[in-house]
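Reviewing the structure listed below.
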2 protein chains.
Amino acid sequence: MEPLQSAFRALADPTRRGILTLLAQSEMTIGEVTEAFPMTRAAVKKHLTILEEGRLIEVEPRGRERVNRLRPGALKPVSDWITQLDAAWDDRLADLKSAIERDLQ
Amino acid sequence: MEPLQSAFRALADPTRRGILTLLAQSEMTIGEVTEAFPMTRAAVKKHLTILEEGRLIEVEPRGRERVNRLRPGALKPVSDWITQLDAAWDDRLADLKSAIERDLQ
DNA sequence: CTTTTGCGATACCTTTTGGTATCATGTAAA
DNA sequence: TTTACATGATACCAAAAGGTATCGCAAAAG
């Protein structure tokens, strides 16, 4: 999937945002993440897969465990998109403003 | 729905992000928005409703038309959430760094 | 070696999502 | 007033999402 889309998709679910908040405190195994949510390990695993597809986290196999970790700079594309939209919006407001000033003369 | 959730949900669909990009250029009626996408007016209207629920746009009835417009500051809660996550992540990295430096002594 | 434990994968179910088609309604225009 | 037209609303459909239960496997512990 398109990178930006998979990132936005990953962020759309409250459980997944909760997982990201958790992982911001400390890297964790799937089992540890599961303890923080009222659902089965299989469900949490699915969320982690979607977060991985969105390149928001990375997973490091460690023996029979798998450690999940926030990816540095993972949210950059998302915040860039937002910034760009804001900028376009501001530009338009500025255009409106100058057009009005021109009309007033 | 929770405001942050409805905003993230609204952003999760590529068509809706496309609509936001469109509206950043100019406010538009539903019919005008529809011309830009390969789907029916009813489908576009649903997307606009979800964008409105996410408080990302506002709608002003004008005669028999309805003008859709980007809401100023609409994306603030979203970018704030991202900023906060980034900050928590940076803090943790800083903690790790100082812990390592302490261990080396 | 045997047992436990942490995980992956799959089948299955229900709800939500994204779309269409269709009809009703209010406003503008002739 | 009659006719057009932009929109609202609803019923309906297929696919995706979010969840459970269950099986199998490999690594760690005994």
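Letters A, B, ... mirror the listed sequences (proteins, then strands); counts begin at 1. Below, each value reflects all heavy atoms present in this structure, side chains not excepted, and no hydrogens, waters or symmetry copies. Remember, predicted model here, so these are calculated numbers, not experimental data.
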Could you give the distance from CG (A:L70) to CE (A:M28), rounded to the nearest 0.5 Å?
12.5 Å

Assign each of A:A42 and B:A12 the nucleotide of DNA chain C bearing its closest heavy atom; nearer the 5' end lies the nucleotide of A:A42

How do A:E32 and B:T15 order along DNA chain C: which one's closest nucleotide is nearer the 5' end?
A:E32

Can you measure [X] atom [atom1] to [N] atom [atom2] for me and round it to whole angstrom units?
{"X": "A:R9", "N": "D:dA17", "atom1": "CZ", "atom2": "C1'", "result": "8 Å"}
{"X": "B:Q5", "N": "C:dT17", "atom1": "CD", "atom2": "C1'", "result": "14 Å"}
{"X": "B:E35", "N": "D:dT7", "atom1": "CD", "atom2": "P", "result": "10 Å"}
{"X": "A:L11", "N": "D:dG18", "atom1": "CG", "atom2": "P", "result": "12 Å"}
{"X": "A:E52", "N": "C:dA9", "atom1": "CD", "atom2": "P", "result": "11 Å"}
{"X": "A:L48", "N": "C:dG8", "atom1": "CG", "atom2": "C1'", "result": "13 Å"}
{"X": "B:E65", "N": "D:dT7", "atom1": "CD", "atom2": "P", "result": "6 Å"}
{"X": "A:K45", "N": "D:dA17", "atom1": "NZ", "atom2": "P", "result": "16 Å"}

Pair B:V59-B:L48, side-chain contact (heavy atoms from CB on, under 4.5 Å): steps then yes or no
CA-CA 9 Å; B:V59 186; B:L48 288 171; over 6 Å; no

Nearest-nucleotide pick for [X], side chain only, options being [options]:
{"X": "A:A43", "options": "C:dG8, D:dT20, C:dT20", "answer": "D:dT20"}
{"X": "B:D13", "options": "C:dG19, D:dG18, C:dG18", "answer": "C:dG18"}
{"X": "B:R66", "options": "D:dT7, C:dG8, D:dG19", "answer": "D:dT7"}

Pick base, sugar-phosphate or nothing for B:R62, based on heavy-atom distances below 4.0 Å to the nucleic acid.
nothing

Within the structure shown, what part of the strands sits under 4.0 Å from A:R16 by heavy-atom distance: base, sugar-phosphate, or nothing?
sugar-phosphate

Under 6.0 Å from the CZ atom of A:R71, do we count more than 12 heavy atoms belonging to anything else shown?
yes

Does a side-chain N or O from [X] land closer than 4.0 Å to OP1 or OP2 of [N], or not?
{"X": "A:T40", "N": "D:dG19", "answer": "no"}
{"X": "A:H47", "N": "D:dA17", "answer": "no"}
{"X": "B:R41", "N": "D:dA6", "answer": "no"}
{"X": "B:R64", "N": "C:dT25", "answer": "no"}

Donor/acceptor link under 3.5 angstrom from B:K46 side chain onto base of C:dG19
yes

May I ask you to decide if B:L11's main-chain N or O and B:R17's side chain share a donor-acceptor pair within less than 3.5 Å?
yes

Is the side chain of B:R16 donor-acceptor paired with the backbone N or O of B:A10 at a distance under 3.5 Å, no angle test?
yes

